[in-house]
Amino acid sequence: MSTVGTPARPLYVAIIGAGPSGFYAAEALLKAPGLTVRVDLYDRLPTPFGLVRGGVAPDHQKIKSVTAVYDKVAMDPRLRFFGGVRLGRDVEIADLRARYDQIVYAVGCESDRRMAIPGEELAGSFSATEFVGWYNGHPDHRHRTFDLSCENVAVVGIGNVAMDVTRLLACDPERLAKTDIAEYALEALRKSKVKTVWLLGRRGPAEAAYSPAEIEEFGRLEGCDLVIKPEESVVGPVSRLDAADANDKKKVAYVQQQALKGEGTQGRKIRLRYCVSPVELVGEGGKVNAVRLERNKLVDDGKGGARCAGLGEFETIPAGLVLRSVGYRGIPIPGVAFDEKSGHIPHAEGRVSVAGDPLPGEYVVGWAKRGPSGLIGTNRADSVLTVQSMLADLKDGKLPAGPIDASPESAEKLLSSRGVAVVSYAQWKKIDELERAHGAEHGKIREKFTKIEDMVAALSVTA
Ligand code: NAP
């Protein structure tokens, strides 16, 4: 009988990705009754928390307080944080397979979907992911520049990410001044000449992906009107609002009431449009300056929902900057199974599978598992389900066949032999402390380090 998972031979687990789903998987493993487990939590960045740090908008600090839960998980002596270690660069899958009984991919969706229309490659056309990463000081995106000297910006898609970027562009930047927004982004927003943000939904108000709280926040923005065409706020028969849930009804009621307010008198406008699809980004001198839209009608999608179909009626709106916010997509990791079509890791009940066959010892959680959907809390139940599969496999003896180098020092030795500068959780707490102190000097919650080399340098100074 296998002794793996007992004090005689703990279960060794590597979790790749220290965002919400990775932490929730760690939490579920550490809480598993009767299990002796050691968890190594890897992240390619020296900082943990994934999209809570790099994605959640700076004016939504309450959402970020969830990190207190992750801190508690990280304080468990059975967990180690290996920050600044990238799978595929610093360690290979084979290295992990040789050292861990089970590997959990919690790598999220790092890329974004395309619109696949002419002009998408023009200068001034970006993904919302890039813009979000920029204002949040993410090391991957800090170097980007967005031309905010134009008066019109178009945001394509009406999910919650589109709501975030629209709000950041349309609000008074002074309401962000005390947050953890990157200083360079705050400065750029202060100089912004943007007057109108066009928010473009391809379907109607009953199908909108945003949450009620997010759309209602627009109505409370100072200095900005939410403008909706009354005729576009009407819900047609295909939308079946009578069968919709309370949230959808609330969203529709809100936009219909807003539509009655007309243009308003404020200097900035969010022009929320429904049933329009961008068909081309129009440029001049290689830079985008307009978006050509086709009006849509809604038709039955045959699955109880509504899909859009072009009407062949076109219009053009001005836009010196276009942010497509049409969903995220995973990036394949060398050696890890990946489904090109869906953009995530194929699995059955959280077990990574290839052509329907589970790969022993490999699991997936979060957006890498189910695609980019749900709120942060959605990941907790999702990670618990994957951990249930892991524990069932352990009980049934379904671990990888090969022997592993089961010792706590093994991974550390490997990384040190490769000269990888690993950041521990205690070192992250130091970075955290420095960021808070730096922020306090400027009346902000935090001033993030936005360059990895600055984080590493600050640690060597304080060591
Ligand atoms: P999302 O909710 O899936 O929204 C994507 C939007 O893009 C939808 O409006 C979709 O329209 C539209 N779209 C897709 N392809 C398109 C195309 N080719 N042309 C035009 N429009 C297109 O994705 P997301 O906004 O990236 O958010 C990802 C997840 O993170 C969501 O679960 C979201 O709730 C969550 N999140 C939450 C918060 C928060 O709670 N504050 C903040 C940010 C993100 P259709 O509906 O017609 O497909």
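One-based numbering along the sequence shown. Whatever order the structure lists ligands and atoms in, that order sets their numbers, starting from 1. As the structure is a prediction and not an experimental result, all values here were calculated from the model.
Residue-level proximity to ligand 1 for Glu214 is carried by the side chain, the only part with a heavy atom below 4.0 angstrom. When heavy-atom distances to ligand 1 are checked against a 4.0 Å cut-off, Asp164 comes that close only through its side chain, counted from C-beta outward. Contacts between Val156 and ligand 1, counted as non-hydrogen atom pairs separated by less than 4.0 Å, involve the side chain only. Residue Ala209 touches ligand 1 through its side chain alone, judged by heavy-atom distances below 4.0 Å.
Distance check, rounded to the nearest 0.5 Å: CG of Leu186 to NZ of Lys191 gives 10.5 Å. Between the CD atom in Glu217 and the CZ atom in Arg167 there is a gap of 4.5 Å [rounded to 0.5 Å].
For ligand 1, the polar-atom distance check against Leu375 finds no nitrogen or oxygen pair separated by under 3.5 Å. Residue Arg202 has at least one nitrogen or oxygen atom sitting less than 3.5 Å from a nitrogen or oxygen atom of ligand 1, judged on distance alone. Checking only distances, Arg203 does come within under 3.5 Å of ligand 1, N or O to N or O. Considering both main-chain and side-chain atoms, Gly157 never comes within under 3.5 Å of ligand 1 through any nitrogen or oxygen pair. Among the atoms of Gly374, some N or O lies under 3.5 angstrom from an N or O of ligand 1.
The main-chain N or O of Ile181 is found under 3.5 Å from a side-chain atom of Thr179 such that the two form a donor-acceptor pair. Judged by distance alone, the side chain of Lys269 and the main-chain N or O of Val227 form no donor-acceptor pair under 3.5 Å. Between the side chain of Asn379 and the backbone N or O of Ile376, at least one donor-acceptor pair lies under 3.5 Å.
Distance check for atom 25 (O) of ligand 1: a protein heavy atom is found below 4.0 Å.
Using a 4.0 Å cutoff on heavy atoms, Ser373 counts as a contact of ligand 1. Residue contacts with ligand 1: Tyr210 is excluded, as none of its non-hydrogen atoms falls under 4.0 Å. Heavy-atom distances between Ser211 and ligand 1 stay at or above 4.0 Å for every pair.
Annotation: side chain to side chain donor-acceptor pair (under 3.5 Å) contacts of Glu174 (sequence neighbours excluded): Arg190.
Of the protein's heavy atoms, Val326 CG1, 3.4 Å lies nearest to atom 22 (C) of ligand 1.
Two rings, from Tyr328 and Trp367, have their centers less than 6.0 Å apart.
Between Asp71 and Lys429 there is a salt bridge, since a side-chain N of the basic residue sits under 4.0 Å from a carboxylate O of the acidic one.
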